[in-house]
Protein chains: 2
Amino acid sequence: MGSRPNIPDIVIGRLPIYLRALYRMIQEEKEYTSSQELGERLGISSAQIRKDLSHFGEFGKQGTGYNIKFLHEKIRQILQVDREWLIAVVGVGDLGHAIAHYRGFAPRGFHVAALFDSAPTKIGEQIGGLTVMPVSAMKDEIHRQKIQVAMLSVPAEHAQQVANELIGAGIRAILNYAPITLAVPPDVRVQYIDPVAHLQHMTYYLRS
Amino acid sequence: MGSRPNIPDIVIGRLPIYLRALYRMIQEEKEYTSSQELGERLGISSAQIRKDLSHFGEFGKQGTGYNIKFLHEKIRQILQVDREWLIAVVGVGDLGHAIAHYRGFAPRGFHVAALFDSAPTKIGEQIGGLTVMPVSAMKDEIHRQKIQVAMLSVPAEHAQQVANELIGAGIRAILNYAPITLAVPPDVRVQYIDPVAHLQHMTYYLRS
DNA sequence: AATTTTCAGTGAGAAAAATCACAAGGGAGA
DNA sequence: TCTCCCTTGTGATTTTTCTCACTGAAAATT
């Protein structure tokens, strides 16, 4: 896809939000939308949306707006979610279970392809059609299936160590559910999910 | 605690990150840290950390740095998590179950105090010491317990409607797990948890 | 056919956020 | 006490991000 230099990360981060809204519009069987309508739904200015999209091409038509399916597909291509990504889940406690059962990954480009845990009691357990494997088998299995993305749902104390092993096994993107900032080499991407951090962010504003 | 005007939201959003790191340091029985050390752990510049904290007061000492417990407590006060917040969870599918069982809320200031679902088969179910109640009982129960925060884990199609009911019941902060942007009045805070959006953000960069 | 409305894309400018770099305070050791 | 080393808090500056406002094109209306 040739040269795509220097697009701000904050712009990339908004594309999945646009995708999500477009997906809803497809379900609503809408055909066209405008930057203004999209912006109103998302609480984002229309100029912001137009400028974001302009980094990647010209997807709209003056007077008409954007064809929803077309724009949806274009953003999927940009984000590379017009294919399926395999995911390894490490740590199958309550959270890992919920992740393994979650039906929302598949329709948006992701497929949970392997489950790992270190607790001997959990090895062999069947979850959502997959068998929990020992962490010692992680590297081989990740290579065998060519898995590139991992979700980390182990306790905070073990997260860094497991992350190191994942990176050693070739993983280049980690979605970390443990409430700890990971140290990783610059070619590895990490994103964080910390519900408590979000809650704490909101309670700041709950002053009467 | 008087006037605290105009502090950028992006600064507020980093405070929970600092809190998380300080909490870890307390567990490691460290006593002092510096903006530089903290920054290295978090991948944030030391100047950024100092400037962020300077919005709220002077918490460090030249030559010494920050007393970890003291700074931790100060940030807890700023975020108002030096008390316990009660949370209502709406939607007890797999995700709602995982939330209800999650042990990570309590030590960081939050207590799941009520569970709601609309499916008659789920009403009455016991989860983590709580009984699932019907959505129709939501308003009364939220008032009775004076719950101010809610977590929304219902399907996307119902999220907006349930959010409306929550707001009608007096909820002022919503952590939304449904992959949809909610429309809410300006005095209601919403934060989003969408793992797939994070994954899609990362796959952008997975070009070889 | 002419006019009006709608809406994308974009350069210029404004606003916000991050970084720089330094003065000054505090501790440790000589 | 004096000197050296750390480290904070912060004004100044740079960088990044967002918004404004306009051009031009397409559609809708008269």
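Quick note on labels: first sequence line is chain A, next is B, and so on, each numbered from 1. All values below come from the heavy atoms of this structure, side chains included, with hydrogens, waters and symmetry mates left out.
Checking side-chain atoms of A/His143 against main-chain N and O of A/Lys139 turns up a donor-acceptor pair under 3.5 Å.
Nucleotide D/dT16 holds its C1' atom 11 Å from the CD1 atom of B/Ile10, rounded to whole Å. In this structure, the CZ atom of B/Phe56 is 13 Å from the P atom of D/dG9, given to the nearest Å. In this entry the distance linking CD1 of B/Ile49 with C1' of D/dT8 reads 13 Å, nearest Å. Atom pair A/His55:NE2 and D/dC18:P shows a separation of 10 Å (rounding to whole Å applied). Between A/Ile7 atom CD1 and D/dT17 atom C1' the separation is 15 Å, expressed in whole Å. Distance CD (A/Glu40) to P (C/dC7): 10 Å, rounded to an integer number of Å. Protein atom CD of A/Gln48 is 15 Å distant from nucleotide atom P of C/dA8, rounded to whole Å. When rounded to the nearest whole Å, the span between CZ of B/Arg50 and P of C/dA18 equals 15 Å.
The nucleotide whose nearest atom lies closest to any side-chain atom of A/Tyr66 is, among C/dT10, D/dT7, C/dA8, C/dA8.
Taking only distance into account, the side chain of A/Lys51 meets the base of D/dT19 through a donor-acceptor pair shorter than 3.5 Å.
The pair B/Lys74-B/Asp82 fails the salt-bridge criterion, with no side-chain N (NZ, NE, NH1 or NH2) lying under 4.0 Å from an Asp/Glu carboxylate O. Between B/Lys30 and B/Glu37, at least one side-chain N (NZ, or NE/NH1/NH2) sits under 4.0 Å from a carboxylate O, which counts as a salt bridge. One finds a salt bridge joining A/Arg108 and B/Asp194 here, because a Lys/Arg side-chain nitrogen approaches an Asp/Glu carboxylate oxygen to under 4.0 Å.
An OP1 or OP2 oxygen of C/dC7 is reached within less than 4.0 angstrom by no side-chain nitrogen or oxygen of A/Thr64.
Residue B/Ser46 is out of contact with every strand shown, counting any heavy-atom pair closer than 4.0 Å.
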